[in-house]
Amino acid sequence: MKKIAVLVSGGGTNLQALIDAQGRGEIVGGEIAAVISSAPGAFALERAANAGIPGYVIARKEFPSNQAMTLALVEKLRELNIDLVVLAGFMVILTEEMVKAFPNAIINVHPALIPSFAGPGCFGLHVHEKALEYGVKLSGATVHFVSEECDGGPIISQKSVEVLPDDIPEVLQRRIMEQAEWKLLPQAVSLFCQDRLKVEGRTVRILD
Ligand code: GAR
């Protein structure tokens with residue numbers, strides 16, 4: 001059984017999707033062992049507590065840099081014997097030490113079709129603001145392995161979602177979560193836990 005840590009910063013609806021999938025027996029070969037938040041008051045911590053999952057806070061504001069925080073996170077993840085790190089609405093850009101400690105074992109969900117609307121500064125609601133400003137007719141979500149390049153690692157899965165004429169960022173965000181993120185993320189986590197994701201360069205092959 002692989003031990004999963006979910007890293008969060010806010011509301012935690014993607015965490016909830018993982019918890020619900022686990023409850024339905026859909027995370028095959030894995031178990032959510034810890035939730036770690038970068039913000040002390042994150043509602044995601046309540047979701048973890050309600051599900052009986054240990055919650056930890058490693059607050060960004062307690063550290064002088066992203067690198068110092070990353071080192072503290074790596075230490076905690078090692079102490080907990082974590083096999084898979086899931087970034088589910090985690091709003092701190094981790095430094096190379098994390099990727100070196102967990103090569104091809106960190107999965108992120110991004111609320112757009114990468115490489116569109118991705119990279120530094122593209123997170124949370126900003127992503128949807130930018131998509132609407134640009135006037136795209138389709139957006140969506142991407143689940144990918146984390147590499148040293150922000151939002152640049154090998155793509156595991158993507159799903160497109162329609163942008164409608166009167167959308168505002170909050171409405172588009174919700175549609176992308178419901179139609180794409182909350183489905184793709186648990187599926188990718190389950191595939192990882194069954195050793196069914198094979199990274200070949202930039203391509204991720206899904207094994208039968
Ligand atoms: C989600 O839409 C997630 O894809 C996005 O933030 C939201 C968090 O919601 N993540 C990023 O933008 C990371 N670059 P949640 O806390 O309810 O899961």
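Start at 1 and go down the list; that is how both ligands and their atoms are numbered.
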- prompt: Which protein residues have a heavy atom closer than 4.0 Å to any atom of ligand 1, listed by chain and number?
  reply: Gly11, Gly12, Thr13, Asn14, Gly89, Met91, Val109, His110, Pro111, Cys122, Phe123, Gly124, Met177, Glu181

field: Donor-acceptor under 3.5 Å (His128 side chain, Ala112 main chain)
entry: no

query: How close do Val163 and Leu172 get, heavy atom to heavy atom, and via which atoms?
result: CG2-CD1, 4.0 Å

- prompt: Going hydrophobic residue to hydrophobic residue with side-chain gaps under 4.5 angstrom, can you get from Leu197 over to Val86?
  reply: yes

query: Quick one: hydrophobic cluster around Phe63, which other residues, with the 4.5 Å side-chain cut-off, linked directly or via members?
result: Leu7, Ile36, Tyr56, Ile58, Met69, Leu73, Val74, Leu77, Leu80, Ile82, Val85, Leu87, Phe90, Val92, Leu94, Met98, Val99, Phe102, Ile106, Val146

message: One pair to check against side-chain contact (heavy atoms from CB on, under 4.5 Å): Met177 and Gln173. What are the steps and the verdict?
response: CA-CA 6 Å; Met177 284 173 158; Gln173 178 183 53; 4.2 Å; yes

- request: Would you kindly confirm whether Phe43 and Val35 end up in one hydrophobic cluster when ILVMFWY residues are joined by side chain heavy atoms under 4.5 Å apart?
  value: no

